[in-house]
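What you see below is based on every heavy atom in this structure, not just the backbone, and it leaves out hydrogens, waters and symmetry mates.
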Amino acid sequence: MSLVRVTPDGLYCEAGDFYIDPWRPVKTAVITHVHSDHARVGSGFYYATHGSVPLLQHRLGEINCEGKNYGEKFKVGNTWVSLHSAGHILGSAQVRIEHKEDVWVLSGDYKRTFDPSCEPFEVVPCDTFVSEATFALPIYKWQTGAVTAKHLYDWWQSEPERPSIVFCYALGKAQRILAELTAYTDRTVYVHGAVHNLTEIYRAQKISMLPTRLVTDAHKDHDFKGDLILAPPSGHRSPWMKRFKDPQTAFASGWMQVRGARRRKGYEKGFVLSDHADWNELNLTITQTGAKTVYLTHGKTDVLERYLKEKGLTVKLFETDYEDSGEPT
Ligand SMILES: [Zn+2]
């Protein structure tokens with residue numbers, strides 16, 4: 001029988017009697033990372049990496065949880081479990097499950113591009129690899145974060161008389177931008193409250209980023225001219241925007257590579273910056289794991305499914321409940 005299967009509560013490992021990133025409350029949850037569609041409230045016990053635990057507690061409040069080091073093997077039911085870096089956001093992990101002679105790795109969300117705000121992806125050999133497929137089309141091909149950050153920096157510097165507001169996901173993306181920008185400046189960046197709290201958790205874990213200041217801590221006469229401001233997408237066109245006079249706005253996300261996405265969302269500028277694997281990274285990773293069987297989850301799976309089958313792999317799909325929160329990755 002399959003070591004992991006889909007149930008109404010989430011991806012379930014019967015031999016270990018636990019769930020991976022369950023979408024409903026369960027007894028025992030192993031969490032890959034703390035984006036809201038993967039880390040939900042209400043479960044009895046959580047395993048996560050040490051890097052994830054403070055973020056998990058910030059998001060979910062009082063919970064029973066246990067932090068693990070990357071690579072540390074621990075017993076859950078009749079299985080051995082370990083967490084391995086996924087390169088997605090701080091603390092993000094792939095879940096390796098070993099039962100008898102069978103080894104599965106569930107990737108969670110992952111990327112291979114260098115990111116100074118989190119640990120790099122680790123290739124973990126396995127028999128069965130469960131891969132995300134958010135950007136699983138050949139049109140998706142990312143530049144490095146350093147190149148994108150330089151574009152963002154030049155855009156910011158091009159308007160010294162206007163505030164420059166970049167909207168981005170508050171967990172992971174904002175901190176990555178703050179870390180990437182240290183290559184080009186040491187200026188203080190203003191942040192929305194939602195970004196601030198998470199950034200402080202990153203700072204406490206010694207992630208090197210630009211200095212930040214809460215927008216609400218600025219003097220009431222401060223005009224934000226020439227300042228960079230980071231805010232979550234929910235801030236766009238909200239009353240929060242009123243304090244900025246004639247700002248230029250941008251959105252940073254992998255989705256900015258889709259033609260028309262920027263215009264439809266009403267931003268002046270789009271920066272393509274993704275925390276997910278692009279087409280080449282997905283294929284490279286699947287090959288490197290040595291897995292003979294691949295399950296694909298959330299995303300555009302059909303093209304990749306066909307492509308992998310042509311290469312002789314067994315490909316199956318897991319219908320998951322991720323992305324429902326509309327996470328703009
Ligand atoms: Zn994620």
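Taking the side-chain hydrogen bond (donor to acceptor under 3.5 Å, both in side chains) definition, one finds that Y110 meets it with S131, sequence neighbours left out. Checked against ring pair (Phe, Tyr, Trp, His ring centres under 6.0 Å), F271 has the following partners two or more places apart in sequence or in another chain: W155. In this structure, F114 has no ring pair (Phe, Tyr, Trp, His ring centres under 6.0 Å) partners at least two apart in sequence or on a different chain. Listed by chain and number, the residues in a side-chain hydrogen bond (donor to acceptor under 3.5 Å, both in side chains) with E14 are R5 (sequence neighbours excluded).
Between F74 and Y47, the distance separating the two ring centers is shorter than 6.0 angstrom. Taking the six-membered ring for Trp and the full ring otherwise, the centers of H222 and Y190 sit less than 6.0 Å from each other. Annotation: W279 is in aromatic contact with Y307 [ring centroid separation under 6.0 Å]. Taking the centre of each ring, Y140 and H276 stay at or above the 6.0 Å mark.
Checking each of D21, T49, D109 against T32 for a side chain to side chain donor-acceptor pair (under 3.5 Å) leaves exactly one that passes, namely D21. Between R112 and the options T285, D278, N280, a side chain to side chain donor-acceptor pair (under 3.5 Å) holds for only T285.
Minimum heavy-atom separation, K173 to C168: CG-CB, 3.7 Å. Scanning both residues, S158 and Q248, for their nearest heavy atoms gives OG-NE2, 4.3 Å. Nearest heavy atom pair, residue T301 against residue A133, reads CG2-CB, 3.9 Å. Residues S274 and F135 approach most closely at OG-CE1, 3.5 Å, considering heavy atoms. Here the shortest heavy-atom pairing between L198 and A170 reads CD1-O, 3.4 Å. Contact between K73 and E98 at its shortest, heavy atoms only, is NZ-OE1, 3.0 Å.
Under the salt bridge (Lys or Arg N to Asp or Glu O under 4.0 Å) criterion, the residue pairs touching residues 139-153 are K150-D154, with sequence neighbours excluded.
Between L308 and N283, some side-chain heavy-atom pair lies under the 4.5 Å cut-off. Using a 4.5 Å heavy-atom cutoff, the side chains of P163 and K245 are not in contact. For the pair S2 and Y295, the minimum side-chain heavy-atom distance is below 4.5 Å. A 4.5 Å side-chain heavy-atom check between F45 and E66 finds at least one atom pair inside the cut-off. In this structure, K100 and L3 have side chains that are not in contact, with every pair of non-hydrogen atoms separated by 4.5 Å or more. Counting heavy atoms from C-beta outward, K68 and V81 have side chains that stay 4.5 Å or more apart. Contact of the E319 side chain with the T297 side chain is not registered, since no non-hydrogen atoms from C-beta on lie closer than 4.5 Å. Residues I165 and M241 are in side-chain contact: their nearest non-hydrogen atoms beyond the backbone lie under 4.5 Å apart.
Cluster membership for I97 and Y19, using ILVMFWY side-chain heavy atoms within less than 4.5 angstrom, is not shared. Hydrophobic clustering (side-chain heavy atoms under 4.5 Å, transitive across Ile, Leu, Val, Met, Phe, Trp, Tyr) keeps W142 apart from L284. L214 and L228 fall into different hydrophobic clusters, where Ile, Leu, Val, Met, Phe, Trp and Tyr are joined by side-chain heavy atoms under 4.5 Å apart, directly or via other members. Note on W240: it clusters hydrophobically with Y267, by side-chain heavy-atom contacts below 4.5 Å among ILVMFWY residues. Hydrophobic clustering (side-chain heavy atoms under 4.5 Å, transitive across Ile, Leu, Val, Met, Phe, Trp, Tyr) keeps L55 apart from V53.
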### Message
Please evaluate residues Y202 and I89 with respect to the criterion side-chain contact (heavy atoms from CB on, under 4.5 Å), reporting the C-alpha separation (whole Å), side-chain torsions for both, the decisive distance (0.1 Å), and the verdict.
### Response
CA-CA 10 Å; Y202 268 61; I89 62 169; 3.7 Å; yes
### Message
Under the criterion side-chain contact (heavy atoms from CB on, under 4.5 Å), I'd like the reasoning laid out for K311 against T287: C-alpha separation, chi angles, the key distance, then a yes or no.
### Response
CA-CA 10 Å; K311 294 207 306 190; T287 302; 3.7 Å; yes
### Message
Before you tell me yes or no, could you show the steps for W156 and V166 under side-chain contact (heavy atoms from CB on, under 4.5 Å), namely the whole-Å CA-CA distance, both residues' side-chain angles and the distance that decides it to 0.1 Å?
### Response
CA-CA 9 Å; W156 168 21; V166 174; over 6 Å; no
#### Entry: Worked check of side-chain contact (heavy atoms from CB on, under 4.5 Å) between I31 and H38
CA-CA 7 Å; I31 298 298; H38 289 262; 5.6 Å; no
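Taking 4.0 Å as the cut-off between side-chain N and carboxylate O, K27 and D17 count as a salt-bridged pair. Between E305 and K309 there is a salt bridge, with a side-chain nitrogen of the basic residue lying less than 4.0 Å from a carboxylate oxygen of the acidic one. A salt bridge links D227 with R187: at least one charged nitrogen is closer than 4.0 Å to a carboxylate oxygen.
Looking only at distances, a side-chain donor or acceptor of H219 sits under 3.5 Å from a matching main-chain atom of D221. The closest donor-acceptor contact from the side chain of Q205 to the backbone of I207 lies at 3.5 Å or more, if one exists at all. W23 contributes no side-chain N or O that, together with a main-chain N or O of L11, makes up a donor-acceptor pair within less than 3.5 Å. At least one donor-acceptor pair under 3.5 Å links the side chain of R162 to the backbone N or O of D246. Not a single donor-acceptor pair under 3.5 Å links the side chain of S52 to the backbone N or O of V34. Looking only at distances, no side-chain donor or acceptor of S43 sits under 3.5 Å from a matching main-chain atom of A29.
Put simply, CG on L60 and OH on Y46 are 5.0 Å apart, with the number rounded to the nearest 0.5 Å. Taken from CG in L273 to OG in S253, the straight-line distance is 8.5 Å, to the nearest 0.5 Å. Taken from CG in L210 to CD in E180, the straight-line distance is 11.0 Å, to the nearest 0.5 Å. A distance of 4.0 Å separates CG of L171 from NE2 of H35, quoted to the nearest 0.5 Å. To the nearest 0.5 Å, atom OG of residue S92 and atom CG of residue L83 are 10.5 Å apart. Atoms OG1 and CD1, on T320 and I20 in that order, are 12.0 Å from each other to the nearest 0.5 Å.
Q94 and S107 share no side-chain donor-acceptor pair at under 3.5 Å. Between Q175 and T199, the side chains place a donor N or O and an acceptor N or O closer than 3.5 Å (distance only, hydrogens not considered). Under the 3.5 Å distance criterion, with hydrogens and angles disregarded, a donor-acceptor pair is assigned to the side chains of E281 and T113. In this structure, a donor-acceptor pair under 3.5 Å is absent between the side chains of S36 and R59.
More than 12 non-hydrogen atoms from other residues, nucleotides or ligands lie less than 6.0 angstrom from NZ of K75.
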Which pairs would a plain distance check flag for residues 122-130, meaning a side-chain donor or acceptor within less than 3.5 Å of a matching protein atom at least two apart in sequence or in another chain?
| from | atom 1 | to | atom 2 | distance (Å) |
| --- | --- | --- | --- | --- |
| E122 | OE1 | H84 | ND1 | 3.2 |
| E122 | OE2 | H84 | ND1 | 3.4 |
| D127 | OD2 | V103 | N | 2.8 |

